[in-house]
Amino acid sequence: MTDTATAQADETSRALLEAAHDLLAGEGAGALTVRRIAAAAGMSTMNVYSRFGGKDGVLDRLFSDGFERLARAMEAVERTGDPVEDLRRCGAAYRDFARRWPTYYSLMFDRIVPEFRPSEAARATSLATLQGLVDLVQRAIDEGAFVPGDAFTVACGLWAIEHGLVSLEARTGG
């Protein structure tokens with residue numbers, strides 16, 4: 001494939017993903033069909049099938065995209081000399097992500113498409129997002145800000161707390 005053909009394929013994929021995201025955000029899971037995604041993007045259904053294999057492939061890519069966006073948001077947090085402050089800032093970045101991208105957040109965590117099951121690759125992407133938090137927790141342990149322990153377990157606990165707070169805020173309009 002030439003660079004021009006690759007660029008067109010990428011533009012086509014992006015347009016399809018954007019159309020799927022907008023349908024999901026605007027009309028909910030029931031609106032997400034291959035035909036509707038293609039029509040919203042101004043393309044044929046063959047584009048959806050050839051690029052993603054169908055609706056589940058589109059959802060899988062949106063799921064992964066969400067976690068990739070979340071990882072970038074947390075990585076973009078300016079680091080300070082204080083590991084606890086850095087963790088607090090990552091929590092704020094998580095909250096900001098959820099508020100800025102509620103459809104991605106809901107697909108990633110709320111099962112807004114009940115029948116969707118992420119692929120192994122998409123699950124690996126989601127777990128990779130946690131690694132940045134694990135690294136920050138390990139730094140806090142190494143610098144004596146946290147008691148020694150398993151950084152992965154602590155990171156999971158911190159993520160769960162932040163997720164719970166963000167989810168409550170989203171549901172109560174806070």
Side-chain angles (χ1 to χ4, degrees), residues 14-37 40-41 48 52 54-80 82-137 140 145-146 149-174:
R14 278 193 295 273
L16 290 165
L17 290 171
E18 186 175 313
H21 175 275
D22 292 349
L23 283 168
L24 192 56
E27 299 180 44
L32 213 57
T33 66
V34 169
R35 185 175 307 278
R36 291 284 311 275
I37 294 167
V48 177
F52 301 103
K55 178 177 118 174
D56 283 346
V58 171
L59 288 167
D60 208 57
R61 187 65 240 160
L62 286 174
F63 180 89
S64 292
D65 282 353
F67 276 102
E68 290 164 2
R69 287 169 187 252
L70 176 58
R72 285 192 302 272
M74 292 192 312
E75 288 166 3
V77 169
E78 185 178 334
R79 300 300 189 244
T80 69
D82 180 351
V84 176
E85 175 62 16
D86 292 350
L87 284 163
R88 188 199 65 71
R89 289 176 178 209
C90 274
Y94 182 93
R95 179 177 179 251
D96 290 344
F97 169 85
R99 295 174 86 188
R100 181 173 181 208
W101 301 105
T103 302
Y104 281 112
Y105 187 82
S106 292
L107 179 62
M108 294 157 60
F109 298 113
D110 294 336
R111 298 185 46 86
I112 58 170
V113 183
E115 70 277 8
F116 169 64
R117 299 290 180 270
S119 68
E120 287 297 320
R123 282 191 288 252
T125 299
S126 69
L127 286 174
T129 303
L130 181 59
Q131 187 58 50
L133 187 58
V134 172
D135 294 343
L136 285 173
V137 168
F146 287 0
D150 178 59
F152 181 82
T153 301
V154 174
C156 287
L158 290 173
W159 187 309
I161 291 167
E162 188 66 30
H163 175 74
L165 292 171
V166 167
S167 295
L168 284 170
E169 179 182 39
R171 280 164 187 69
T172 61

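Residue numbers start at 1 and run along the sequence shown.
Salt-bridge formation is detected for the pair Glu85/Arg88: a Lys NZ or Arg NE/NH1/NH2 atom is positioned less than 4.0 Å from an Asp or Glu carboxylate oxygen. Using a cut-off of 4.0 Å between Lys/Arg side-chain N and Asp/Glu carboxylate O, Asp110 and Arg171 are scored as salt-bridged.
In plain terms, the two heavy atoms of Val113 and Ala29 that are nearest each other are CG2-CB, 3.8 Å. Contact between Thr129 and Phe67 at its shortest, heavy atoms only, is OG1-O, 3.3 Å. Closest approach of Leu23 and Ala40 over heavy atoms only: CD1-CB, 4.2 Å. For Ala155 against Leu133, the heavy-atom pair with the smallest separation is O-CD2, 3.5 Å. Heavy atoms only, all atoms of each residue included: Leu32 and Ala20 are closest at CD1-O, 3.4 Å. Residue Ala93 comes nearest to Val77 through the heavy atom pair CB-CG2, 3.6 Å, listed as atom of the first residue, atom of the second, then distance.
Here the CG-CD1 distance, from Leu17 to Ile37, works out to 8.5 Å after rounding to the nearest 0.5 Å. Going from atom CD1 of Ile112 over to atom CG of Leu24 covers 3.5 Å, rounded to the nearest 0.5 Å. Tyr94 contributes atom OH, which lies 12.0 Å from atom CD1 of Ile161 (distance to the nearest 0.5 angstrom). One finds the CZ atom of Arg69 at 10.5 Å from the CE atom of Met108 (value rounded to the nearest 0.5 Å). For the atom pair CH2 of Trp101 and CG of Asp65, the computed distance is 10.0 Å after rounding to the nearest 0.5 Å. Thr125 OG1 to Arg61 CZ: the interatomic distance, rounded to the nearest 0.5 Å, is 7.0 Å.
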(request) Test Phe116 against Asp60 for side-chain contact (heavy atoms from CB on, under 4.5 Å), laying out the working first. (result) CA-CA 8 Å; Phe116 169 64; Asp60 208 57; 3.8 Å; yes

(message) Working note: Leu59 + Phe52, criterion side-chain contact (heavy atoms from CB on, under 4.5 Å); need CA distance, chi angles, decisive distance, verdict.
(response) CA-CA 9 Å; Leu59 288 167; Phe52 301 103; over 6 Å; no

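For the pair Arg117 (side chain) and Pro114 (backbone), a donor-acceptor distance under 3.5 Å is present. Within the 3.5 Å criterion, the main-chain N or O of Arg79 finds no donor-acceptor partner in the side chain of Arg89.
The number of heavy-atom neighbours closer than 6.0 Å to CZ of Arg111, taken from other residues, nucleotides and ligands shown, is above 12.
The side-chain heavy atoms of Val48 and Val58, taken from C-beta on, include a pair separated by under 4.5 Å. Residues Leu87 and Val137 form a side-chain contact, since some pair of their non-hydrogen atoms from C-beta on lies under 4.5 Å apart. Within the 4.5 Å cutoff, side-chain heavy atoms of Met74 are placed close to those of Leu70.
Scanning for side-chain hydrogen bond (donor to acceptor under 3.5 Å, both in side chains) contacts around Ser167 gives Tyr105, His163, with sequence neighbours left out. Taking the side-chain contact (heavy atoms from CB on, under 4.5 Å) definition, one finds that Gln131 meets it with Val134, Asp135, sequence neighbours left out.
Identified under the side chain to side chain donor-acceptor pair (under 3.5 Å) test for residues 16-26, with sequence neighbours left out: none.
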